[in-house]
Amino acid sequence: MNRQLTNQELAQTFRYIADLLEIKGEVIYKILAYRKAADSLEALSQPASELQRSGKLLEIPGVGKAIAEKMDELLSTGHLEFLEKLETEVPPELVGLLQIPEVGPKKVALFWRQAGVTNLQELEAAARAGKLRGLQGMGEKSEAKVLAGIEALRRRSGRIPLGKAWPFVQGLLADLRQVPGVNAAEMAGSLRRMRSTVGDIDLVAAANDSRVVMEAFTHHPWVRQVVSQGDTKASVEFEHNLRAQLWVHPPERFGTALCYATGSKDHNVRLRELALKQGLSLSDQAFLRPDGSEILCASEQEVYAQLGLPWIPPELREDRGEVQAARSGALPALLDLGDIRAELHSHTTWSDGKASIETMAEAARQRGLKTLVISDHSVGLGVAGGLSVEGLQRQRAEIDAVQQRLGDSILLLQGCEVEIRADGTLDFPDEVLARLDVVTASLHTSLGQPREQITHRLLNAVRNRHVDLIGHPTGRIVGGREGADLDMEAVFAAAQESGVSLEINANPSRLDLDDVHARRALDLGIRLCINTDAHSPQELDLEFFGVATARRAWASAEQVINTWEPERLVSWFAARG
DNA sequence: GCCGTTTTCGGCCCGACTGTTTTCAGTCG
């Protein structure tokens, strides 16, 4: 039998169906239903295949009889007759055209039905030949836009990793806050929700005279092109194909605008539903009473309060149950960066790190950490100058010496990031692992192994009683490579049994586990750790991104072992052997 | 196609911006 489709793959299939139906010209609500089902699948904390076995597919929000049947067929057979038929009606490559900016389903349908276009090459040829300008609703400008859009599509490589967008936006916001009359300027959208990748950058500013802010924004030195500009909203493009849009509202309405622009779309729909039940109307423009008068909210707290809710942290605003939780007073007490007391995964010049043990220890101490685990690579990772057994012994002596010098201001532990070899064995025998204070096992090589093989490999490490942590479990690179094809449910089950802690690697190019996996792990009672994997003192600051990912997974401080004091950590590691 | 402390049928968020269609359709978030 074929392996089970993942939730992600199912979601992709339903989104693809929605796109095809939209080009075909189906009623919009049918299309929205497929997209809603896809959203739910992605937010699901357990595999749909599991729900299928227990006959609970209909319990997925937004999944009714028709979609449940299709899901069932996909999970059971690996294909879907409905989709195969649809693909004979609508040329599948048309879906790719939706990626072109300013080209939506209606335009694609127009190009297809009126100009015979079935793929990107044909569209480009038609545009260059001037064959689009004569179509209904098209002119020369629209035709040029299509060509420019195709070029932009070729340049950009999808969404921007959070780690790139974040520092860029800090600079931009600092400049906007300097503009005379600007009362506040904040990021919004997926960036504020701390998703691992960001589409466009959304910003909201409070000012009484929007024109001054708009001028400053569209003339910012980093701006390469102004895409659109109005009184309340402007959209620009920077170098490297970063796009940003700015909304400007008067200060007394800033909370309403910020809340709306932060989203997510589905979270906003929930809020709107609550507003409607109270006879209120909530939109990006205004929050209105039944008589049409406006409820002005300068802060988000006021928006939520009007709806009878406590303020919901942006990281939770994904319509994954947060509004219901807020209503019943069951919002989690989220982990905060200030709760972090320990860094459990760091590198030094003993392998591929840039700084000495002492420099790293001093940097950790300055950041208020009470425990630092030095976990250089093991010998198997040759490119990183991994340590041999003998090297580990010499390193232990230096760690002890640095500890002497630093006194009890910070506790240094000797760990090791031990290779999980391609055959599933660990780089060191058990008696060597037993001498280490902390053992982190990680996959770095042969990540492309088939599912069964690589899962088995990771399970070997999870079940080794000397292993305390699993580093960046899937090996994914944000905006780069997919994670290994792991059976994550099997990994979670084994972790639950062995008590091993799974890492959220805080480096923004990893963020691995991701938020959905992390939430599933927490639901199963698995303890998480959040580590920077720092190779230099500055990288210790990346913890922030890992904490954000954990917050998106609804993590509390107690569920993350980095919040523990040194004594508790030491006894936990010791008890694990 | 989904859903129900207004409904098992009739809704499903809605406004800004752009280009072209001189009154609106398409896209976007």
Send over the distance from [X] [atom1] to [N] [atom2], rounded to a whole Å.
X      : N      : atom1 : atom2 : value
A:K141 : B:dT27 : NZ    : P     : 18 Å
A:R195 : B:dG29 : CZ    : C1'   : 14 Å
A:F111 : B:dG26 : CZ    : P     : 12 Å
A:F287 : B:dC14 : CZ    : C1'   : 15 Å
A:K106 : B:dT27 : NZ    : C1'   : 10 Å
A:R270 : B:dG4  : CZ    : C1'   : 13 Å
A:E102 : B:dA25 : CD    : P     : 18 Å

Phosphate OP1/OP2 of [N]: any [X] side-chain N/O under 4.0 Å:
X      : N      : answer
A:K70  : B:dG1  : yes
A:Y29  : B:dG1  : no
A:T262 : B:dG29 : no
A:S142 : B:dT20 : yes

- Message: If you assign A:G62 and A:E273 each to the DNA chain B nucleotide with the nearest heavy atom, which residue ends up on the more 5' nucleotide?
- Response: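 The answer here is A:G62.
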- Message: Return the pairing partner of B:dG15 with a 3.5 Å limit on both distances, Watson-Crick or G-U wobble; otherwise return none.
- Response: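 Base-paired to B:dC28.
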Base, sugar-phosphate or nothing for [X]? Non-hydrogen atoms, less than 4.0 Å.
X      : value
A:G137 : base
A:Q136 : nothing
A:E26  : nothing
A:D231 : sugar-phosphate
A:V27  : nothing
A:K36  : nothing

Carboxylate-amine/guanidinium proximity below 4.0 Å for [X] and [Y]:
X      : Y      : value
A:R193 : A:D515 : no
A:K85  : A:E81  : no
A:R552 : A:E318 : yes

- Message: Could you tell me if A:E186 and A:T262 have a donor-acceptor pair between their side chains, going purely by distance under 3.5 Å?
- Response: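 No, A:E186 and A:T262 have no side-chain donor paired with an acceptor closer than 3.5 Å.
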- Message: Under 3.5 Å, is there a donor on one side chain and an acceptor on the other for A:Q229 and A:E215?
- Response: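 Indeed, the side chains of A:Q229 and A:E215 share at least one donor-acceptor pair under 3.5 Å.
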Listing, residues 271-280 of chain A side-chain donor-acceptor contacts under 3.5 Å, not counting sequence neighbours, or none:
unit_1 : atom_1 : unit_2 : atom_2 : d
A:R272 : NH1    : A:L282 : O      : 2.5
A:E273 : OE1    : A:R270 : NH1    : 3.3
A:Q278 : NE2    : A:L307 : O      : 3.4

- May I ask you to check whether A:F544 and A:W166 place their ring centers less than 6.0 Å from one another?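 When the ring centroids of A:F544 and A:W166 are compared, they turn out to be within the sub-6.0 Å range.
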- Item | Neighbours of DNA chain B within residues 304-315 of chain A, by heavy-atom distance under 4.0 Å |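 Contacts with DNA chain B under 4.0 Å: none.
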- Item | Integer angstrom distance from the C1' of B:dG1 to that of B:dT8 |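 Result for the C1' pair: 15 Å, nearest Å.
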- When you measure from the side chain of A:R243 to the backbone N and O of A:D200, does any donor-acceptor pair fall under 3.5 Å?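 A pair under 3.5 Å: no.
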- Of the nucleotides B:dT20, B:dC2, B:dG29, which one has an atom closest to the side chain of A:Q245?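 Looking only at heavy atoms from C-beta outward on A:Q245, the closest nucleotide is B:dG29.
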